[in-house]
Student: 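Got a structure here, written out as structure tokens. Questions coming.
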Amino acid sequence: MSSPQGMPGAPAASVRRSPSFLWLWGGQTVSVFGEQFTGLAVPVLAVTLLHAVAWQMGVLGAASTAAFLIVGLPAGAWVDRWMKRRVLILADVVRAVALALVPILWFAGVLQIWHLIVIVAIVGVASVFFDVSYQSYIPLLVQPTQVGSANSTLEATAQVARIGGPGLAGALLTVVSAPVLLIADAISYLVSVLSLLRVRDHEVPADPTLRQPLHREIADGVRFVWGQPLIRSISATTATSNFFSTLAQTIYPLYALRELGIGSLGFGITLSAGAVGGLLGAVATPRLARWIGEGRVIVVSAIAYGLVFILVPVASLLHGPAAVVVLSAGEFVTGFMVLVYNITQVTMRQRLCPPRLLGRMNASIRCFVWGVMPIAALISGAIAGGIGLVPTLWIAFAGGLGAAVFVLFSPLTGMRVLPTELDAQAQVTPEPESGAPGEPTPEGPGPSDPAPSAD
């Protein structure tokens, strides 16, 4: 028997019984699968067909995430004003059209690296609006008690798509050219549009009479993020980790394809290994949260992610299949830990934030934790061009390991159950140790969710 919406402690109906959630779920699964083709095809296209060098890869990487720094904050305020499903649909249409331009320019014989950079930047802007709306839309589509389950379900199936996508893309690249693969992603975005058109929700347009000047609404979101101790710690760890992981990811295609010589198929295999780890991480997150504690699992996953990244530069000592094995092992464990971390911290953010601030809260965090990525991409290209690929990866390892400091020295280390919006009104203190892992304390959290991205 399902509980009334928002009633804490009572069992909620399965989120998979909601037709609208099923449409969203199906469309996003197809879309994420298509994105895997782009994730592999764009760097392969840049490195092998357009002969990009380190600094150009840095600019390309910066272009893909620059929008989070440039338009991230106002996007959150705008999304809170607009109907979120409409934003999702429009963003998918823009991404489909932009990606379709790449094969058109290629077959016309005029595609250059700057075309790819501009197109990736356009896709990045659309992705900002999609991602902010997407994370803000889930709490509006399902019951409060179903938010964690919805996040876990979406992430688990996204990881399933990420498992087969890179490997299949790598295999296809031995038969077709990289620009052709981008057609598949463009089609996947159109499938997402069709599924979103079938979704029905109960979102009410924001009252225009309550609207404030844009800069004040942006400030409200930033103030909430900065003023909430747990979200502030999470944001600092995520931003630092993203900076140093981007330092590595920007040059990873050059490292794998040229330095190690593992080929596009081996490159795709390593990415698929990361997706397998991510799938298992998404599935295991509820159990790990109950076993270790919801707050502590965030800390443990952040530390473990930093430690295992050492396998990436260590692979430089190997070549061929041995390098693929080591890189795949590293990708597997990091994928697992990233999903555990993201699902738990995103659910925590959604619990703590008042509904009226969801868009601005998500945008403020995305601007901060993703805004460092274009800066890191540019720095990565410059450093790698100066001191080499492998030394740059060692710098990324050291910095990524240090990122865990912010959550390690925070109240999260003593929390078995994460707080809710009501708890955010009081000073956050560690939960008492009494009681079984995952059970409510006497104060009782609100909806109990089993499970990010940043996410």
Side-chain angles (χ1 to χ4, degrees), residues 43 54-55 57-66 68-69 72 225 231-256 259-260 270-271 274 277-278 281 298-317 326-327 329-342 345 365-410 412-413 452-455:
W55 73 266
M57 292 300 291
V59 174
L60 181 64
S64 66
T65 54
F68 286 95
L69 181 62
V225 170
I231 293 181
R232 186 171 63 240
S233 297
I234 284 288
S235 299
T237 286
T238 306
T240 306
S241 179
N242 281 353
F243 180 89
F244 287 102
S245 65
T246 301
L247 207 67
Q249 290 170 2
T250 300
I251 59 173
Y252 185 68
L254 286 171
Y255 176 64
E259 183 85 12
L260 302 182
T270 66
L271 298 182
I298 293 176
V299 180
V300 170
S301 58
I303 295 173
Y305 170 81
L307 285 171
V308 79
F309 188 81
I310 195 174
L311 293 178
V312 177
V314 165
S316 64
L317 303 175
V326 171
L327 286 177
E331 291 284 347
F332 176 87
V333 180
T334 55
F336 184 96
M337 293 303 169
V338 165
L339 263 293
V340 172
Y341 176 87
N342 276 342
Q345 63 94 1
I365 292 176
R366 281 296 178 93
C367 179
F368 180 45
V369 306
W370 285 51
V372 300
M373 294 168 70
I375 300 172
L378 293 174
I379 293 174
S380 176
I383 294 177
I387 66 175
L389 299 176
V390 177
T392 304
L393 292 174
W394 280 112
I395 294 173
F397 161 68
L401 184 58
V405 168
F406 298 101
V407 290
L408 180 61
F409 295 101
S410 76
L412 288 167
T413 56
S453 110
D455 353 346

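Quick caveat: nothing in here was measured; it's all calculated off a predicted structure.
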Student: Check whether any side-chain heavy atom of Val372 sits under 4.5 Å from a side-chain heavy atom of Thr246, and report yes or no.
Tutor: no

Student: Show the numbers, then the answer: is there a side chain to side chain contact (heavy atoms under 4.5 Å, CB included) between Trp394 and Val314?
Tutor: CA-CA 9 Å; Trp394 280 112; Val314 165; 4.1 Å; yes

Student: Using atom types as modelled, flag every donor-acceptor pair under 3.5 Å from a side chain in residues 376-393 to any protein atom, sequence neighbours excluded.
Tutor:
| unit_1 | atom_1 | unit_2 | atom_2 | d |
| --- | --- | --- | --- | --- |
| Ser380 | OG | Leu247 | O | 2.6 |
| Thr392 | OG1 | Gly388 | O | 2.8 |

Student: Considering non-hydrogen atoms only, spot the tightest contact between Leu254 and Met57 and give its length.
Tutor: CD1-CG, 4.0 Å

Student: Do you know the tightest heavy-atom contact between Val407 and Ser233?
Tutor: CG1-O, 3.9 Å

Student: Please evaluate residues Thr237 and Tyr341 with respect to the criterion side chain to side chain contact (heavy atoms under 4.5 Å, CB included), reporting the C-alpha separation (whole Å), side-chain torsions for both, the decisive distance (0.1 Å), and the verdict.
Tutor: CA-CA 11 Å; Thr237 286; Tyr341 176 87; 3.6 Å; yes

Student: Anything under 3.5 Å between a donor and an acceptor, one on a side chain of residues 330-337, the other on a protein residue two or more places apart or in another chain? List them.
Tutor:
| unit_1 | atom_1 | unit_2 | atom_2 | d |
| --- | --- | --- | --- | --- |
| Thr334 | OG1 | Gly330 | O | 2.8 |
| Thr334 | OG1 | Glu331 | O | 3.0 |

Student: Passes side chain to side chain contact (heavy atoms under 4.5 Å, CB included), Val326 versus Leu317? Steps please.
Tutor: CA-CA 10 Å; Val326 171; Leu317 303 175; over 6 Å; no

Student: Excluding sequence neighbours, so at least two apart, what forms side-chain contact (heavy atoms from CB on, under 4.5 Å) with Leu401?
Tutor: Leu307, Phe397

Student: I'd like to know if the side chain of Ser241 reaches the main chain of Thr238, judged simply by a donor and an acceptor atom lying under 3.5 Å from each other, with no hydrogens or angles considered.
Tutor: no

Student: Looking only at heavy atoms, what is the nearest atom pair of Ala396 and Ala248, with distance?
Tutor: CB-CB, 3.9 Å

Student: When rounded to the nearest 0.5 angstrom, what distance separates OG in Ser235 from CD in Gln345?
Tutor: 8.0 Å

Student: Could you state the interatomic distance from CD1 (Ile298) to OG1 (Thr413), rounded to the nearest 0.5 Å?
Tutor: 11.0 Å

Student: How would you list, by chain and number, every residue that makes a side-chain contact (heavy atoms from CB on, under 4.5 Å) with Ser245, sequence neighbours excluded?
Tutor: Asn242, Gln249, Tyr305

Student: Could you walk me through whether Ile365 and Ile231 pass side chain to side chain contact (heavy atoms under 4.5 Å, CB included), step by step?
Tutor: CA-CA 9 Å; Ile365 292 176; Ile231 293 181; 3.6 Å; yes

Student: Is there a side-chain contact between Val300 and Val340, using heavy atoms and a 4.5 Å cut-off?
Tutor: no

Student: By side-chain hydrogen bond (donor to acceptor under 3.5 Å, both in side chains), which residues pair with Thr270, not counting sequence neighbours?
Tutor: Tyr252

Student: For Tyr255, enumerate each residue passing the side-chain hydrogen bond (donor to acceptor under 3.5 Å, both in side chains) test, keeping only those at least two apart in sequence or located in another chain.
Tutor: none

Student: Please check this pair: side chain of Ser316 against backbone of Pro313, looking for a donor-acceptor N/O pair closer than 3.5 Å.
Tutor: yes

